[in-house]
Amino acid sequence: MDPARDNPLVRFSSFWLGALIFVLFGLACLVIVPLLGGKEEDAMDAATSERRIENLREMQAAQDAVLTRDQVSAHFRAAGEGLLAVQPAPMKVPTQVVPGSPTAEKLAADTGPPPDVEELAADAPVDPAVMELGKAQYILCMACHGADGNGVANIAPPLAGSEWVTGPVQNLIRIQLRGLTGPITVKGKEYNLPAPMVAQAFQTDEQVAAVLTYIRNSWGNKASPVTPEMVKALRGEVGKPPLTAADLIPPTGDKPAGDQSAP
Ligand code: HEC
């Protein structure tokens, strides 16, 4: 046995030396390492924020070069004044009317006769361009009146060969603007369809004129063209309750309107 290893002084001092090294190492870890790391982080942040501030300055300089702050505020001031200066034009004739609204009630109360548009009739031949537009517009009607104008059973009466279609223009325009409900006799046959024809007043004057010119001159029908001026003259009809056959001028067909004795 080595006598030194059993020396109490050696054992005592080597224990405390070990303990001291352990504590010092621990301190080094706790204090020095984070301190070093922290310094690195700080250095990085400072560089990043400097770069950010530099970027911001460059951006502002670029913006200032294009428009100065004064120019921008002058622009907004002028835009605001422009908006205030605009007076909305009052609508003389509404294109769409909310049912039951005061406007609808006022329109319903006005039961004067509609203006006579026949005197506006143009003696011009049918314009092929108008027929093209009318054909495109007829997509609106096709589901109910059929692609061939022969109507659809239980949905809508025919337009091909209909005395209404080649009859007074005023009827046709008013049907477009107000819709049509109740029994109607077409080509000698009485139709009493479950659903009425709803107004198609959202169309422009040109579109209404074109689609009516189209149905008056398709599938063997032949009649004078309808002009946008005629439609415009009847815009006052929009919003009034749907028409019935009795509100219309009887067409001069083989069978008079409302003739219930037709076969
Ligand atoms: C939702 C179905 C529907 C659509 C869409 C529709 N109609 Fe009608 N149309 C009817 C019905 C139903 C009647 C008969 C109304 C009644 O008297 O009860 C009718 C009647 C008519 C009449 C008079 C009767 C006749 O057969 O001659 C004309 C003219 C007419 N429609 C034209 C048009 C035109 C033009 C369009 C497209 C812009 C159109 N309709 C779109 C359902 C429709």
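For ligands, and for the atoms within them, numbers begin at 1 and follow the listed sequence. Being a predicted model, the structure only gives us computed values, none of them experimental. Each residue takes its place number in the sequence, starting with 1.
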(request) Drop me the distance from Leu159's CG to Asn221's CG, to the nearest 0.5 angstrom. (result) 8.0 Å

(request) Check each atom of ligand 1 against the heavy atoms of Leu193 and keep those under 4.0 Å away; list them by number with element. (result) 12 (C)

(message) So if I count the atoms of ligand 1 from 1 in the order they appear, which ones are less than 4.0 Å from some heavy atom of Ile184?
(response) 17 (O)

(request) State, yes or no, whether a side-chain contact exists between Trp164 and Ile184 at a heavy-atom distance under 4.5 Å. (result) yes

(request) Look at atom 27 (O) of ligand 1 and say which protein heavy atom is nearest, naming residue and atom and giving the distance to 0.1 Å. (result) Ser162 OG, 2.7 Å

(request) Could you pull out, from Val186, Ile155, Asn171, the option with a heavy atom nearest to atom 12 (C) of ligand 1? (result) Ile155

(request) Can you sort out the partners of Tyr191 under ring pair (Phe, Tyr, Trp, His ring centres under 6.0 Å), two or more places apart, ordered by chain and number? (result) none

(message) If I take atom CD from residue Gln170 and atom CG from residue Asp116, how far apart are they, to the nearest 0.5 angstrom?
(response) 6.0 Å

(message) Suppose the cut-off is 2.8 Å; which protein N/O/S atoms would you list for atom 8 (Fe) of ligand 1?
(response) His145 NE2, Met197 SD

(request) Give every residue pair that meets the side chain to side chain donor-acceptor pair (under 3.5 Å) criterion with at least one member in residues 149-162, sequence neighbours excluded. (result) Asp148-Asn150

(message) Counting only heavy atoms not in Glu50 (residues, nucleotides, ligands), do more than 12 fall under 6.0 Å from its CD?
(response) no

(message) Which Ile, Leu, Val, Met, Phe, Trp or Tyr residues join Val198 in one cluster when any pair of side-chain heavy atoms under 4.5 Å counts as a link?
(response) none

(message) Is the contact between Leu172 and ligand 1 made by the side chain, the backbone, both, or neither, using heavy atoms and a 4.0 Å cut-off?
(response) side chain

(message) Would you compute the distance between atom CD of Glu190 and atom OG1 of Thr185 and round it to the nearest 0.5 angstrom?
(response) 5.0 Å

(message) Within this structure, what is the CH2-NE2 distance for the pair Trp219 and His145, rounded to the nearest 0.5 Å?
(response) 9.0 Å

(message) I need the minimum non-hydrogen distance between Ala245 and Leu180, along with the two atoms involved.
(response) N-CD1, 4.2 Å

(request) Answer yes or no: is there a side-chain heavy-atom contact under 4.5 Å between Leu243 and Thr181? (result) no

(request) State the atoms of ligand 1, each with its element, that fall below the 4.0 Å cut-off from a heavy-atom position in Thr181. (result) 16 (C), 17 (O), 18 (O)

(message) Which heavy atom of Met131 sits nearest to which heavy atom of Ser218, and what is that distance?
(response) CE-OG, 3.9 Å

(message) Once you restrict to heavy atoms under 4.0 Å, what part of Gln176 touches ligand 1? Side chain, backbone, both or neither.
(response) side chain

(request) Please name the pair of heavy atoms, one in Val152 and one in Gly146, separated by the smallest distance, quoted to 0.1 Å. (result) CG2-N, 4.0 Å

(request) Could you list the atoms of ligand 1 found under 4.0 angstrom from a heavy atom of Trp164? (result) 27 (O)

(request) Report the nearest protein non-hydrogen atom to atom 25 (C) of ligand 1: residue, atom name, distance rounded to 0.1 Å. (result) Pro158 O, 3.5 Å

(request) Could you list the atoms of ligand 1 found under 4.0 angstrom from a heavy atom of Val165? (result) 27 (O), 29 (C)

(message) Heavy atoms only, cut-off 4.0 Å: how does Ala143 contact ligand 1, side chain, backbone, both, or neither?
(response) neither

(request) For atom 17 (O) of ligand 1, find the nearest protein heavy atom and state the residue, atom name and distance (0.1 Å precision). (result) Gly182 O, 2.8 Å

(message) Can you tell me which portion of Ala245 lies within the under-4.0 Å heavy-atom range of ligand 1? Options are side chain, backbone, both, or neither.
(response) neither

(message) How far is atom 5 (C) of ligand 1 from the closest protein heavy atom, and which atom is that?
(response) Leu140 O, 3.2 Å

(request) Could you tell me which atoms of ligand 1, counted from 1 in the order shown, lie closer than 4.0 angstrom to a heavy atom of Ala195? (result) 12 (C)

